[in-house]
2 protein chains.
Amino acid sequence: MPRKPTYDREDLIKRARDLFWRRGWAGTSLKDLEAALQMKPGSFYAAFGSKDALFELAMDRYAQDGAERLRVLAQEHGPLQALQQFPDVAIANKDAPAKACMLSKTLLELQAHNHPLASKANQHLLRMEQYFAELFQQAQAVGDIDSRHDPKVLARRYQSDLLGLRVSAEREGIDAKAIAEEISDSLTCL
Amino acid sequence: MPRKPTYDREDLIKRARDLFWRRGWAGTSLKDLEAALQMKPGSFYAAFGSKDALFELAMDRYAQDGAERLRVLAQEHGPLQALQQFPDVAIANKDAPAKACMLSKTLLELQAHNHPLASKANQHLLRMEQYFAELFQQAQAVGDIDSRHDPKVLARRYQSDLLGLRVSAEREGIDAKAIAEEISDSLTCL
DNA sequence: TATATACTTGAGCGATCACTCAAGAAAGCC
DNA sequence: GGCTTTCTTGAGTGATCGCTCAAGTATATA
């Protein structure tokens, strides 16, 4: 009976993610989204409900992809090398819509307004931090990192460094690759 | 002949700075500014010309204050201790409208739109970075830091760490003071 | 082929955006 | 006090915001 949508929902979410990631929440208008997704307002709202709802889907997708990239790195090279390579991976992608982290951008933009998306971003950041802690712990288990360190402390600092790196990478005239390497190197002597 | 303004221009700029710092560029409307500055649109535009022009004044003031705080620290405690204390100083102020750096917030929000305020923010960041490099160099001159390090490299990494710290400080449930201490400690063993 | 059931379209909603401007109010000089 | 000059006021500008909804279109079932 029904008629099927002409679009690929997952593809639309990815396109929305790229737009939101690059331009931010307020910086992305419905008109921008309509153009990027090739959708009229009616279809848009039938499919996603609201701009905020789509932003949340986009952010979920962003976070999921980031965690997945780290998971693959860990599986291929082990926990320590994954953590060491991740900074460079995070800023190296030329096709990425922005160097800075979408989660931190969202947090900084919307935190002051107590917008639900800001706490959602914080949740995703927390989950990543926990994942980092797990990898630090695994690296300790195999003897790559001194077990006297608290993995949670290491993860907290690592994530902070990563956020700083990615803000710096957004700047012009900054050799972010060098910073990434320094972060990576600082893990070697733990 | 003329009639003098009833307001203190410098005070207005400070209030605007606090508002822009906390809520960002798009997040601060003219209505917000009118309320915070107690000005009607006519007076506002006569005094500042545009929202962007006032934002620029506010950002200049922000950058100037930051540099001044560092200058005072350096004068009182010397270059190394100034650099060591600065991270904590940057996030400790309870009255500050936000923990994150206004320059990085502006950069992240407006860079994708090629907005002039974004490159202005980048200029301010660059100036701070150069100031950090000077202090690292001075610390080397007095023997507090190994002179084999490149002060520019140290400054670049230091600023990146600082930006990360201040993004982290904006999050809820993060012990930013601990991160600040770690950044500080990492300067001890140079 | 007829019908039911989505999906698509796009004009247009009220609200808010940054901003303007003519008129009124106040202060300094004669 | 009168005049000039500036500052203050606030209603109102066109544009854009996120979003709605009735009408039109296409598709799968009967």
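Computed from a predicted structure; not experimentally measured. So you know, we letter chains A, B, ... as the sequences are listed, proteins then strands, and number each from 1.
In summary, A/D161 and B/R157 engage in a salt bridge, as defined by a charged side-chain N under 4.0 Å from a carboxylate O. The pair B/D146-B/R148 counts as a salt bridge, with a side-chain nitrogen and a carboxylate oxygen less than 4.0 angstrom apart.
Residues from residues 48-60 of chain A that place a heavy atom under 4.0 Å from any atom of DNA chain D, listed by number: A/S50, A/K51.
D/dC7 atom P lies 13 Å from atom CG of B/L12, rounded to whole Å. Nucleotide C/dC19 holds its C1' atom 10 Å from the CZ atom of B/F44, rounded to whole Å. In this structure, B/E34 places its CD atom 14 Å from P of C/dT16, rounding to the nearest Å. To the nearest angstrom, C1' of D/dC17 lies 14 Å from NZ of B/K31. Atom CZ of B/R9 and atom P of D/dT6 are 16 Å apart (whole Å). Regarding B/Q38, its CD atom lies at a distance of 12 Å from the P atom of D/dG10, rounded to whole Å. Between the P atom of C/dA15 and the CG atom of B/D32 lies a distance of 18 Å, rounded to the nearest Å. As a whole-Å value, the separation of A/Y7 OH from C/dC7 C1' is 8 Å.
Two residues are said to be in side-chain contact when any heavy atoms from C-beta on lie closer than 4.5 Å; A/Y131 and A/R71 meet this criterion.
For B/S43 and D/dC7, the shortest distance from a side-chain N or O to OP1 or OP2 is not below 4.0 Å. Under 4.0 angstrom from either OP1 or OP2 of C/dT8 there lies no side-chain N or O belonging to A/K40. Not one side-chain nitrogen or oxygen of A/T6 sits closer than 4.0 Å to the OP1 or OP2 atom of C/dC7. Listed pair B/Y45 / C/dT20 fails the phosphate criterion, with no side-chain N or O lying under 4.0 Å from OP1 or OP2.
Listed by first then second residue, pairs satisfying ring pair (Phe, Tyr, Trp, His ring centres under 6.0 Å) with a partner in residues 150-188 of chain A read A/F132-A/Y158, A/F136-A/Y158, not counting sequence neighbours. Under the ring pair (Phe, Tyr, Trp, His ring centres under 6.0 Å) criterion, the residue pairs touching residues 98-118 of chain A are A/W25-A/H115, with sequence neighbours excluded.
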Check against salt bridge (Lys or Arg N to Asp or Glu O under 4.0 Å), B/R61 and B/D18: CA-CA 10 Å; B/R61 164 55 44 100; B/D18 287 357; over 6 Å; no
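The environment of A/E68 atom CD is dense: over 12 non-hydrogen atoms of other residues, nucleotides or ligands sit within 6.0 angstrom.
Base engagement by A/P41 is indicated by at least one non-hydrogen atom pair under 4.0 Å involving a base atom.
Comparing A/G42 and A/T28 by the nucleotide of DNA chain D whose heavy atom lies nearest to each, the residue mapping closer to the 5' end is A/T28.
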